[in-house]
Amino acid sequence: MEFVSLNSGSNGNAYYVGTANGGMLIDAGLSAKATLERLHTAGLEMDQVHALVISHEHSDHLYGVKALSGRYKLPVYCSAGIS
């Protein structure tokens with residue numbers, strides 16, 4: 001199991017959790033472009049991401065959800081309160 005912090009803070013939160021076979025992003029608070037750049041820097045690519053899990057509905061946790069889920073056809077898992 002690998003845990004990679006792509007960013008943590010009020011300007012955006014995003015973490016990759018997975019194995020060599022793939023994993024998920026927990027939170028997507030960065031732009032899609034910044035997420036891709038940070039994944040690449042960490043030696044990861046979007047084809048390794050199989051889902052987005054959103055912890056809560058603050059913008060610094062979900063800013064890039066629409067772009068990432070739409071572009072890469074990723075399922076999004078979140079509580080009912082997140083629209």
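Count residues from 1 along the sequence.
- A pairwise comparison of heavy atoms in H50 and N21 identifies NE2-O, 3.3 Å as the closest pair.
- The heavy-atom pair separating L44 from E2 by the smallest distance is CD2-OE1, 4.2 Å.
- The minimum heavy-atom distance between L68 and A28, with the atom names listed, is CD1-CB, 4.1 Å.
- Put simply, the side chain of V17 does not reach to within 4.5 Å of the side chain of V53, judged on heavy atoms.
- A pairwise comparison of heavy atoms in L74 and A51 identifies CD2-N, 4.0 Å as the closest pair.
- The NE2 atom of H61 sits 9.5 Å away from the OG atom of S10 when rounded to the nearest 0.5 Å.
- In plain terms, the two heavy atoms of V4 and A42 that are nearest each other are CG1-CB, 3.8 Å.
- Counting only distance, with no hydrogens or angles, the side chain of Y16 and the backbone of G23 share a donor-acceptor pair below 3.5 Å.
- The 12-atom threshold is exceeded at CE of M46, counting heavy atoms of other residues, nucleotides or ligands nearer than 6.0 Å.
- A donor-acceptor pair under 3.5 Å is absent between the side-chain atoms of D60 and the main chain of N11, judged by distance alone.
- Smallest separation of non-hydrogen atoms from R38 and L30: CD-CD1, 3.6 Å.
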Take E57 and L62 through the side chain to side chain contact (heavy atoms under 4.5 Å, CB included) test and state the conclusion after the steps. CA-CA 7 Å; E57 57 188 276; L62 54 79; 4.2 Å; yes
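- Side-chain atoms of Y77 and I26, non-hydrogen and from C-beta on, never get closer than 4.5 Å to each other.
- Rounding to the nearest 0.5 Å gives a distance of 11.0 Å between CG of L25 and OG of S69.
- Side-chain contact check for D27 and S55: at least one donor-acceptor pair (N or O, by modelled atom type) lies under 3.5 Å.
- Separating the NZ atom in K33 from the OG1 atom in T35 is a distance of 12.0 Å, to the nearest 0.5 Å.
- Using the six-membered ring where Trp is involved, F3 and Y15 have ring planes that are parallel, under 30° apart on the 30 and 60° scheme.
- Residues Y63 and Y72 fall into different hydrophobic clusters, defined by Ile, Leu, Val, Met, Phe, Trp and Tyr side chains chained together at heavy-atom separations under 4.5 Å.
- Rounded to the nearest 0.5 angstrom, L36 CG and S31 OG are separated by 8.0 Å.
- Under a hydrophobic-cluster definition in which Ile, Leu, Val, Met, Phe, Trp and Tyr are linked whenever side-chain heavy atoms come within less than 4.5 Å, directly or via other members, L6 and V49 are assigned to the same cluster.
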